[in-house]
Amino acid sequence: MSSVADVVCCANCGVAEVDEIKLEDCDGCDLVKYCSDNCKEEHREQHIGECRKRAQQLHDNDLFTQPDISYLGECPLCFLTMPLDPQKSAFHSCCSKSICDGCNYADIKSNGGKSCPFCREPTATDEEDIEKKIMIRVKAKDPAAIREMGTTRYYEGDYDAAVEYFTKAAELGDPEAHYWLGYMYGKGDGLEKDMEKKVYHWEKAAIGGHPEARHSLARIDERYGNFERAVEHFIIAANIGFEMSMKALWAHYSLGNITKDDLEATLRTHKAAIDEMKSKERDAADAFLRQYAASR
């Protein structure tokens, strides 16, 4: 740990911070300060081991902090937690808002779905119109719109354009865009396969509350025998309602990698997260969609 001298003095030459001399933190950790790049370089060999250890601690502190909610947040209309299943919400091109099926269904019943339930813009009726509306939001640097264009280009097979859009959205902090970039680095779609970059982007997504990215990180840790880290990832994802992670924890319980108390506590939090995604309107929408699918 750093001493008082480390905090107020250059770790290399010992000069104190005064009005004429400003110290800067080490680039990799928060343990020491330097008065110049020269001192930083001279002290590197002595400090590098402690620096890497502390940097890993800081990284893990960020990585394993439990988010309050998934990256999807709340529905902007009913303010309930958005469902994790992408089939239970819809993206609206006019305003780049994702609306839960409960609110979409209620809007269809009230006005026939002729306008966006959030911004009340007329509903786009064809792919060209939809893309034009999304591009308006792209030009306004809306990360959701930029990421949506990325997914469109990906499914069209235009991986170069997809990477460009996902990169821009990720730079604006979009967790889903980070997830896609990690996926593409893993698959080699438009990018050279790179395990390190895949993990980097999935960690960024996981920190932002992306449960599937966190679940994927857990699976990677499992493959390398890092069961403690894997279980920690699964717990965080399960706590925001990710069903696959909850099932994985039952398997780890049978292997002795998680205690009964921790499993039961996670199960309670998992159930509470699931309950926060439920409503009568969403149940009605599910029933309607099931009936519609069965009639086709």
Side-chain angles (χ1 to χ4, degrees), residues 1-68 71 141 143 146-147 163-186 188 190-210 213-214 216-218 220-221 223-233 235-237:
M1 296 300 292
S2 59
S3 67
V4 174
D6 292 329
V7 175
V8 298
C9 300
C10 175
N12 185 57
C13 69
V15 66
E17 185 170 47
V18 293
D19 290 342
E20 297 81 10
I21 300 174
K22 298 297 183 184
L23 303 182
E24 294 184 358
D25 288 332
C26 169
D27 294 335
C29 70
D30 59 0
L31 296 179
V32 297
K33 295 177 182 288
Y34 298 104
C35 66
S36 67
D37 289 341
N38 185 56
C39 275
K40 187 183 299 183
E41 187 61 33
E42 288 181 0
H43 195 246
R44 182 182 301 277
E45 185 175 348
Q46 178 182 340
H47 176 59
I48 192 167
E50 183 183 35
C51 181
R52 286 176 176 171
K53 182 178 179 180
R54 179 58 177 165
Q56 185 63 48
Q57 289 174 345
L58 293 172
H59 171 267
D60 283 355
N61 285 344
D62 286 340
L63 181 59
F64 290 108
T65 296
Q66 175 71 54
D68 294 330
Y71 75 102
K141 297 184 179 180
I146 297 170
R147 178 240 305 147
V163 169
E164 184 177 351
Y165 279 116
F166 288 142
T167 300
K168 289 179 180 178
E171 289 171 351
L172 292 170
D174 187 79
E176 177 77 353
H178 275 296
Y179 175 77
W180 270 102
L181 286 171
Y183 178 82
M184 294 180 76
Y185 272 116
L191 294 165
E192 186 177 348
K193 285 188 176 183
D194 190 316
M195 178 68 170
E196 185 175 340
K197 290 181 179 178
K198 176 177 79 170
V199 169
Y200 168 81
H201 284 290
W202 280 354
E203 286 185 342
K204 286 290 189 181
I207 290 170
H210 198 293
R214 190 170 291 280
S216 298
L217 290 173
I220 292 172
D221 276 323
R223 288 201 295 273
Y224 287 97
N226 300 323
F227 299 124
E228 185 176 347
R229 290 175 68 89
V231 165
E232 196 166 355
H233 279 307
I235 288 174
I236 292 172

>> Looking at every heavy atom in both Leu172 and Lys141, which two are closest together, and how far apart are they?
In response: CD1-O, 3.6 Å
> How long is the gap from NZ on Lys198 to CE on Met184, to the nearest 0.5 Å?
Replying inline: 14.0 Å
> Does some side-chain heavy atom of Ile220 sit less than 4.5 Å from a side-chain heavy atom of Val199?
Replying inline: yes
> By salt bridge (Lys or Arg N to Asp or Glu O under 4.0 Å), which residues pair with Glu171, not counting sequence neighbours?
Replying inline: none
>> I'd like to know whether Asp30 forms a side-chain contact (heavy atoms from CB on, under 4.5 Å) with Asp25, so could you lay out the CA-CA distance, the side-chain angles of the two residues, the decisive distance to 0.1 Å, and finally the verdict.
In response: CA-CA 6 Å; Asp30 59 0; Asp25 288 332; 5.5 Å; no
>> Quick check for you: to the nearest 0.5 Å, what is the distance between Gln66 atom CD and Ile236 atom CD1?
In response: 5.5 Å
>> Walk me through whether Asp27 and Lys40 qualify under side-chain contact (heavy atoms from CB on, under 4.5 Å).
In response: CA-CA 9 Å; Asp27 294 335; Lys40 187 183 299 183; 3.3 Å; yes
> Could you walk me through whether Ile207 and Leu63 pass the side-chain contact (heavy atoms from CB on, under 4.5 Å) check?
Replying inline: CA-CA 5 Å; Ile207 290 170; Leu63 181 59; 4.1 Å; yes
> With sequence neighbours left out, what residues match Asp62 under salt bridge (Lys or Arg N to Asp or Glu O under 4.0 Å)?
Replying inline: none
> Does His47 have any ring-ring contact (aromatic ring centres under 6.0 Å, His included) partners at least two apart in sequence or in another chain, and if so, which?
Replying inline: His43
>> On a heavy-atom basis, which atom in Ala177 and which in Ala170 lie closest, and how many Å separate them?
In response: CB-N, 3.6 Å
> If you look at every heavy atom in Asn12 and Cys39, which pair is closest and at what distance?
Replying inline: ND2-SG, 3.3 Å
> Just wondering, do Lys204 and Leu181 contact through their side chains at under 4.5 Å, heavy atoms?
Replying inline: no
> Can you check whether Gly49's main-chain N or O pairs, donor with acceptor, with Arg54's side chain at less than 3.5 Å?
Replying inline: no
> Do Arg229 and Asp60 pass the side-chain contact (heavy atoms from CB on, under 4.5 Å) test, and can you show the C-alpha distance, the side-chain angles, and the key distance before you say yes or no?
Replying inline: CA-CA 10 Å; Arg229 290 175 68 89; Asp60 283 355; 3.0 Å; yes
>> Looking at every heavy atom in both Cys35 and Cys10, which two are closest together, and how far apart are they?
In response: N-SG, 3.5 Å
> Is Lys53 paired with Glu50 through a side-chain N to carboxylate O contact shorter than 4.0 Å?
Replying inline: no
> What residues form a side chain to side chain donor-acceptor pair (under 3.5 Å) with Gln46, not counting sequence neighbours?
Replying inline: none
> What residue pairs, at least two apart or across chains, pass side-chain hydrogen bond (donor to acceptor under 3.5 Å, both in side chains) with a residue in residues 173-185?
Replying inline: Tyr71-Glu176, Arg147-Asp174, Glu176-Trp180, Glu176-His210, His178-His201, Tyr179-Glu212
> From Leu217 CG over to Glu203 CD, what is the distance, rounded to the nearest 0.5 angstrom?
Replying inline: 5.5 Å
> Can you name the nearest heavy-atom pair linking Val32 to Ala11, along with the distance?
Replying inline: CB-CB, 3.7 Å
>> If I compare all heavy atoms of Lys168 with all of Ile146, which pair ends up nearest, and what's the gap?
In response: CB-CG2, 3.9 Å
>> Checking Gln57 against Asn61 for the side chain to side chain donor-acceptor pair (under 3.5 Å) test, could you report, in this order, the C-alpha distance in whole Å, the side-chain angles of both residues, the deciding distance, and whether it holds?
In response: CA-CA 6 Å; Gln57 289 174 345; Asn61 285 344; over 6 Å; no
>> Using the ring-ring contact (aromatic ring centres under 6.0 Å, His included) criterion, which residues pair with Phe64? Sequence neighbours excluded.
In response: His233
> Under 4.5 Å between any side-chain heavy atoms of Cys26 and Leu31, yes or no?
Replying inline: no
> With no hydrogens and no angle check, is any side-chain donor or acceptor of Glu17 less than 3.5 Å from a backbone partner on Val8?
Replying inline: no
> Is the side chain of Asp194 donor-acceptor paired with the backbone N or O of Lys197 at a distance under 3.5 Å, no angle test?
Replying inline: yes
